[in-house]
Amino acid sequence: MTARIDILQGDLTRQAVDAIVNAANRKMLGGGGVDGAIHRAAGPRLLEACRQVPEVEPGVRCPTGEARITPGFDLPARHVIHTVGPVYGGRPRDAELLAAAFRASLALAVDHALRSIAFPAISCGVYGYPLDEAAAVSAEVVHERDWELDEVRFVLFSRDVFAAWKHAHH
Ligand code: APR
């Protein structure tokens with residue numbers, strides 16, 4: 001089953017899919033950017049659910065490149081898959097960690113028998129990842145295997161990010 005890939009400009013918090021992916025930080029207790037938007041739209045129960053996620057080391061619930069799942073609460077999406085992308089530093093490891101974040105999110109969705117997932121441009125805001133490089137990483141990962149999903153959406157908030165994703169996923 002080859003997943004359909006949709007690239008669209010819009011608001012991730014409005015997507016009625018099985019899971020939206022949050023570009024979180026390792027503490028997983030909210031933040032700005034899309035993390036803040038998701039918590040605002042999901043309501044306070046999301047923060048409570050995040051607090052329940054065990055720390056794997058002091059102050060770290062989700063290491064960079066890994067993913068955790070919670071319910072979506074007040075969001076139209078049933079679940080939120082929280083992942084942590086790398087802070088861009090121009091190192092080869094950055095692309096490996098960004099790929100790992102996309103991959104862990106897809107794998108977690110498949111593990112939970114979800115059929116549709118929507119991503120933001122992970123690491124492309126506060127974490128400073130160059131748009132074209134991040135978009136290329138996302139395309140490589142989504143095509144690296146036959147993910148048992150019906151639909152993978154990339155939901156980009158701004159025109160420049162949308163253009164980068166359209167170009168990378170042609
Ligand atoms: N829908 C879709 N995309 C959005 C939305 C939204 N509602 N709001 C912001 N974005 C976009 C940003 O424009 C950017 O292109 O999500 C992309 C990711 O940017 P950030 O949210 O800043 O995420 P990231 O760069 O991964 O930095 C993560 O920021 O918010 C904090 O707690 C978070 O510490 C973590 C860090």
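Every number for a ligand or one of its atoms is a count from 1 in the order of the listing. No hydrogens, no waters, no symmetry mates; every other heavy atom, side chains included, goes into these values.
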Per-atom contacts of ligand 1 with [X], taking only distances under 4.0 Å to non-hydrogen atoms:
X: L12; value: 1 (N), 2 (C), 6 (C)
X: D35; value: 30 (O), 32 (O), 33 (C)
X: D11; value: 1 (N), 6 (C), 7 (N)
X: C124; value: 25 (O)
X: G32; value: 30 (O), 31 (C)
X: A23; value: 23 (O), 26 (O), 28 (C), 33 (C)
X: S123; value: 24 (P), 25 (O), 26 (O)

Can you report which non-hydrogen protein atom sits closest to [atom], along with the distance?
atom: atom 18 (C) of ligand 1; answer: A121 O, 3.2 Å
atom: atom 11 (C) of ligand 1; answer: F157 CB, 4.1 Å
atom: atom 25 (O) of ligand 1; answer: G125 N, 2.8 Å

- Is atom 36 (C) of ligand 1 less than 4.0 angstrom from at least one protein heavy atom?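 When distances to the protein are checked, atom 36 (C) of ligand 1 has a heavy atom within 4.0 Å.
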Item to check | Pairing of E96 and R93 as salt bridge, 4.0 angstrom limit | outcome: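 Yes, charged N to carboxylate O under 4.0 Å.
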Should F154 and F119 be marked as a ring pair (Phe, Tyr, Trp, His ring centres under 6.0 Å) after you check the CA-CA gap, both sets of side-chain angles, and the distance that decides it? CA-CA 5 Å; F154 292 95; F119 284 98; 5.5 Å; yes
All heavy atoms of A42 vs all of G72, minimum pair found to be CB-O, 3.6 Å
Exactly one candidate in L29, V56, N25 meets side chain to side chain contact (heavy atoms under 4.5 Å, CB included) with R61; the answer is L29
Heavy-atom side-chain proximity of [X] to [Y] below 4.5 angstrom:
X: L8; Y: Q15; result: yes
X: D74; Y: R45; result: yes
X: E66; Y: R103; result: no

| Judged by non-hydrogen atoms, does G30 sit under 4.0 Å from ligand 1? |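 Under 4.0 Å: yes for G30.
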Can you find a non-hydrogen atom of S158 under 4.0 Å from ligand 1? no
### Task
Check the side chains of H82 and S105 for a donor-acceptor pair under 3.5 angstrom, ignoring hydrogens and angles.
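Short answer, no.
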* Give a yes or no answer on whether the side chain of R153 reaches the backbone of V17 with a donor-acceptor pair at less than 3.5 Å. =>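 Not confirmed, R153 side chain does not pair with V17 backbone.
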Short version for V155: what comes under 4.0 Å of ligand 1, heavy atoms counted, is backbone
